[in-house]
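Bear in mind that the values here come from a model prediction, so they are computed numbers and not experimental data. This chain uses plain numbering: 1 for the first residue, then up along the sequence.
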Amino acid sequence: MPRFSPEMIRTIALAGHGGSGKTTLAEALLAKAGAITSPGSVEKGTTVCDFDSLEKQYQHSRNAAAVHFQHRDTRVNIIDTPGLPDFIGRAIGALPAVETAAIVVNAQNGIEMITNRMMQWAKKRDLCRMIIINKIDTENADLPGLLTKLQAAFGRECLPINLPADGGKRVVDCFFNPSGESDFSSVEEAHSALVDQVVEVDEELMAKYLEKGEVSPEELHAPFEKALREGHLIPVCFVSARNGAGVAELLDVFVKLMPNPTE
């Protein structure tokens, strides 16, 4: 078994309302990372996280379940938390064990009660927060409208780090990539908004940015993590756990941009 130094470990809770697809997303991440041969199904009762007989019978999580995998040279620990109101205590109880709370939102249902509760609890615990909009391939999902609602509910610091493309079949990076085509909005504008938000936590970098008009991705890495820790940035990622869109990109976000326990 490989040994990982603390800086090469990420610990993340998947939280959010029931039906947002947290368990299915955990399966997709495990499969993409090679930890399992193929993703299981909540409907068939074959997922790694919903192993309890009642979870299989009722097709929803009742307890928090921990899984792990290796991506690149980093170990990622994921805690899949239940999303029904009856079990919110078990979801909240998982937060002390993580550095980052990834709030999963159903693209069609939008902001729901547990979405708000878990965002509030994660903020109360001073955790880094990110939002994962799942099921982006759902027919008639209003993704631009949902992003606007998220920003209205949780602040202008909710900025897309990638955007859906090709009708939700893939996503395009907005952090390292300054241009590209997306289903809505503008990759260039999203990139500029991210840089503007991140440099605000570093006066020297902001001065350089204002003088030269650009900074390198390498220079943005440390202030990006600082912005996360200070709640100055809440990255928004788009994904479809069902068709795989954005899953590989989400793995890279976890490994490249999310903070580790030593920082």
Side-chain angles (χ1 to χ4, degrees), residues 12-32 38-50 55-56 58-61 78 80-85 91 101-119 129-154 158-174 180-187 190 234-254:
I12 299 161
L14 297 180
H17 203 85
S20 59
K22 300 181 296 297
T23 300
T24 301
L25 179 58
E27 289 291 308
L29 292 166
L30 286 165
K32 181 61 70 173
S38 60
S41 165
V42 171
E43 293 76 16
K44 295 179 181 179
T46 56
T47 65
V48 176
C49 293
D50 284 355
E55 292 176 322
K56 294 180 180 182
Y58 293 109
Q59 299 183 8
H60 64 72
S61 301
I78 296 288
D80 176 30
T81 67
L84 294 183
I103 311 301
V104 184
V105 177
N106 185 318
Q108 189 170 51
N109 296 347
I111 300 171
E112 300 176 89
M113 182 185 75
I114 303 301
T115 313
N116 280 304
R117 293 287 299 276
M118 295 310 295
M119 284 290 285
R129 293 175 293 166
M130 66 181 299
I131 295 172
I132 301 173
I133 299 179
N134 189 23
K135 306 185 181 183
I136 62 172
D137 56 330
T138 302
E139 189 175 356
N140 299 323
D142 180 11
L143 299 179
L146 176 54
L147 181 58
T148 299
K149 290 177 180 177
L150 288 168
Q151 292 170 335
F154 306 118
C158 297
L159 295 173
I161 200 168
N162 57 42
L163 288 168
D166 292 344
K169 295 179 181 177
R170 65 181 182 91
V171 301
V172 56
D173 171 59
C174 300
E181 298 294 328
S182 60
D183 289 342
F184 72 91
S185 187
S186 160
V187 174
I234 303 173
V236 179
C237 295
F238 291 85
V239 70
S240 170
R242 292 288 187 186
N243 73 11
V247 174
E249 290 80 0
L250 184 58
L251 286 173
D252 283 341
V253 169
F254 286 166

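- Taking S185 as the reference, L163 meet the side chain to side chain contact (heavy atoms under 4.5 Å, CB included) condition, with sequence neighbours excluded.
- Distance alone, capped at 3.5 Å, is enough to place a donor-acceptor pair between the S240 side chain and the N243 backbone.
- Scanning all heavy atoms of the two residues, the minimum distance from I111 to V105 falls at N-CG1, 4.4 Å.
- Atom-to-atom distance recorded for D166:CG and D137:CG is 13.0 Å, nearest 0.5 angstrom.
- Note that the CZ atom of R129 and the CE atom of M118 stand 11.5 Å from one another [nearest 0.5 Å].
- What you find for P39 and A28 is that their closest heavy atoms are CB-N, 4.4 Å.
- Residues K32 and L250 form no side-chain contact, since every pair of their non-hydrogen atoms from C-beta on lies 4.5 Å or further apart.
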Which side-chain N or O atoms in residues 143-153 pair as donor and acceptor under 3.5 Å with protein atoms at least two apart or in another chain?
from, atom 1, to, atom 2, distance (Å)
T148, OG1, P144, O, 3.1
Q151, NE2, C158, O, 2.9

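- Partners of N109 under the side chain to side chain donor-acceptor pair (under 3.5 Å) rule, at least two apart in sequence or in another chain, do not exist in this structure.
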Pair V247-V239, side chain to side chain contact (heavy atoms under 4.5 Å, CB included): steps then yes or no: CA-CA 6 Å; V247 174; V239 70; 3.8 Å; yes
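- The two residues M119 and I131 make their nearest non-hydrogen contact at CE-CD1, 4.1 Å.
- The shortest non-hydrogen separation linking D183 to G168 is OD2-N, 3.0 Å.
- N162 places no side-chain N or O within 3.5 Å of a backbone atom of C237 that could act as its donor or acceptor partner.
- Residue Y58 qualifies as open at atom OH: its count of foreign heavy atoms under 6.0 Å is 12 or below.
- The distance from atom CZ of F254 to atom CD1 of I78, rounded to the nearest 0.5 Å, is 4.5 Å.
- The stretch residues 104-117 participates, sequence neighbours left out, in no salt bridge (charged side-chain N to carboxylate O under 4.0 Å, His left out) pair at all.
- What you find for D50 and E55 is that their closest heavy atoms are CA-OE1, 3.4 Å.
- Without hydrogens or angle criteria, T81 side chain to L14 main chain gives a donor-acceptor distance under 3.5 Å.
- Counting only residues at least two apart or in different chains, side chain to side chain donor-acceptor pair (under 3.5 Å) contacts with residues 14-28 comprise T23-S61, T23-D80.
- Taking CG of N140 as the start and CD of Q108 as the end, the distance is 7.5 Å to the nearest 0.5 Å.
- One distance of note links CG of N106 with CG of N134; it measures 7.5 Å at 0.5 Å rounding.
- Between I234 and F154, the closest heavy-atom pair is CD1-O, 4.3 Å.
- Note: I161 CD1 to D252 CG = 10.5 Å, rounded to the nearest 0.5 Å.
- The side chain to side chain donor-acceptor pair (under 3.5 Å) search around E43 returns S41, R242, not counting sequence neighbours.
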